[in-house]
Amino acid sequence: MNEHTRSFRDLSAEVFDTRTLLKNAAEQAIERRYEDTFIVDVDSHHYETEAFKEIAEYIDDPVLRHEAKFQGSSRGGITSESGSYQEIAGRITRYPERKNEIVPPKPHRDIVLMERWMDQLGVDIAVMFPTPMLNLSNCPRHEVEVGLSFAYNRWLCDTILEKEPRIKSMLYLPFHDPEACCRIIEEFGERKGVVGFMVTATHYTRNYQNPYMKMYAMLQERNMPLGFHAAFTWADQSLQLTNRFIAVHGLGFTWCNMLHMANWLVNGMPERFPKLKTIWIESGLAWIPFMMQRLDNEFMMRTSDAPLLKRKPSDYMREMFFTSQPMEMVDNRKALEVTFEMINAPTQLLYSSDYPHWDMDLPSTIYDLPFIDMQAKKNILGGNAQKLFNLEPVLSPVKQARLAARTAAGVAAE
Amino acid sequence: MPEVLVCKDGEIAEGGVRLIKVGREEIGVIRHSNKYYAYRNVCPHQGGPACEGLRMPQVVDRIGEGGILLGQTFDEDDMHIVCPWHGYEFHLADGCHVIDRNLRLKRYEVVQRGGEIFIAV
Ligand code: FES
């Protein structure tokens, strides 16, 4: 029997569109009835590169502003330290194609692009971070880091967070300058959509030094979490020994957070600021059991080295928050299950996609796990973030419409 | 097995892909070196549209005598389908993941007859 096909798509004739790229994700969202689950994505990104001209206008210092407008923020190319090939030399098509996506004149392009992927994935609220600007941490000119972080945060609050309640952010702290960090918390702590503050973990700084204590106290007082967002830099002396992206990324994205975590713990920060919540972002999960075992073992032999600690390091880690992506899922279900137990995942784990980056995770990475119950899944997908950031659990318009359609059709929500 | 007409031979350009909907399933028909291949447009990793990515040949580290790296090259005889979501690579010839053959794209037989291309579904 021959059946003639009527509808088809020719890829050569299509313009890139996030909604098309993610249509299979939308099918997952429908099949799994995500309209029954409030989903918060605690680590996602935009490419502020495209709005850099607007951001540069927010720089206070006229000399720096002129320089930023002249230099732009593009990365260097194959021979530069930043010339990595995260997109696997074009294989992850959304990187080179992003610029071709057509959006309406309003709202802001970054809002439209965010909402397009959020709706396809089934995400209600996303905590958004920049991309290249995370690497301000490695800028040797600390005044440039401070100037640009103020400009970016102002642009972000005015242009994105004020306008779109589904997008939140933890604002970039110029961690080389603790006093500037305090000014950022003062200036932006009350702005709409600001749910915390964030340190890029590739800062070569000692998070236990006295000048930082004022900042931690300010965050604790405001009940705002401090995130350590992983990254990598090929400028790191040990990582300079790697020659392939898989090595610099695989190691770099965990190493920088391991370093901050070790310093944070052995200097007794959880005892000095017991109500300050920390979130460890984008290092995946496999490093956490390693740190717990390693530090506990050494601590029991040399408690005098970390005299502020009243419990084992892992006991403090179990009270911290961790984002889920990139969740190491290849053939390791047992290890993953143990990891979930060790970190108290049902209350401490926060779903994150990291979209649009190359190693992004869909909500189904949590939703489809066989070893946790539905309540734990709902907590990880949104409930934990809702509590931590004090969010209104409002479903996206797309999911509200789906729910209404179901109700109209007489299908009760489970 | 029912056959579905995809198009006339030549309608898909060399290196091109046509995606057709058969019931609820989307199937990618790929033309490469004048041969046709058909796979379900769902990646076994996280469900990405595998047929909508690039086709790239296997990358090869060229090793000389004594284990010395001579450089890299492409093996054009082993073309891969690259899923655009995260980059999983599957052999174009059989749809199996290049490292784990248990991970595979669902494959459909392609029939060329009378100047037309069909897939058996
Ligand atoms: S969904 Fe295809 S590589 Fe991940």
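Remember, it's a predicted structure, so these values are computed and weren't measured experimentally. Residue numbers begin at 1 in each chain, while the letters A, B, ... track the order of the sequences.
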If you tally heavy-atom pairs under 4.5 Å against chain B, which of A:D359, A:D331, A:D361 wins?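 Among the listed options, the one with the most contacts to chain B is A:D361.
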[X] with [Y]: basic N within carboxylate O range, under 4.0 Å:
X	Y	answer
A:R116	A:D17	yes
B:R113	B:E3	yes
B:R40	B:E25	yes
A:D373	A:K378	no
B:R101	B:D94	yes

Is the ring pair A:Y34/A:Y367 parallel, tilted or perpendicular, if the boundaries are 30 and 60 degrees?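 Because their plane-to-plane angle is over 60°, the rings of A:Y34 and A:Y367 count as perpendicular.
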Determine the interplanar angle of the B:H45 and B:H86 rings, folded into 0 to 90°, and report it as parallel if under 30°, tilted if 30 to 60°, perpendicular if over 60°.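 Correct class here is perpendicular.
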So which part of [X] gets closer than 4.5 Å to some heavy atom of chain B, the side chain, the backbone, both or neither?
X	result
A:D10	both
A:I88	side chain
A:A25	both
A:R94	side chain

Examine whether an atom of [X] lies under 4.5 Å from a heavy atom of chain A, and if so say whether it belongs to the side chain, the backbone or both; otherwise answer neither.
X	value
B:V82	side chain
B:V59	side chain
B:R24	side chain

Counting heavy-atom pairs under 4.5 Å to chain A, which of B:C43, B:G28, B:G47 comes out on top?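 The residue among B:C43, B:G28, B:G47 with the greatest pair count is B:G47.
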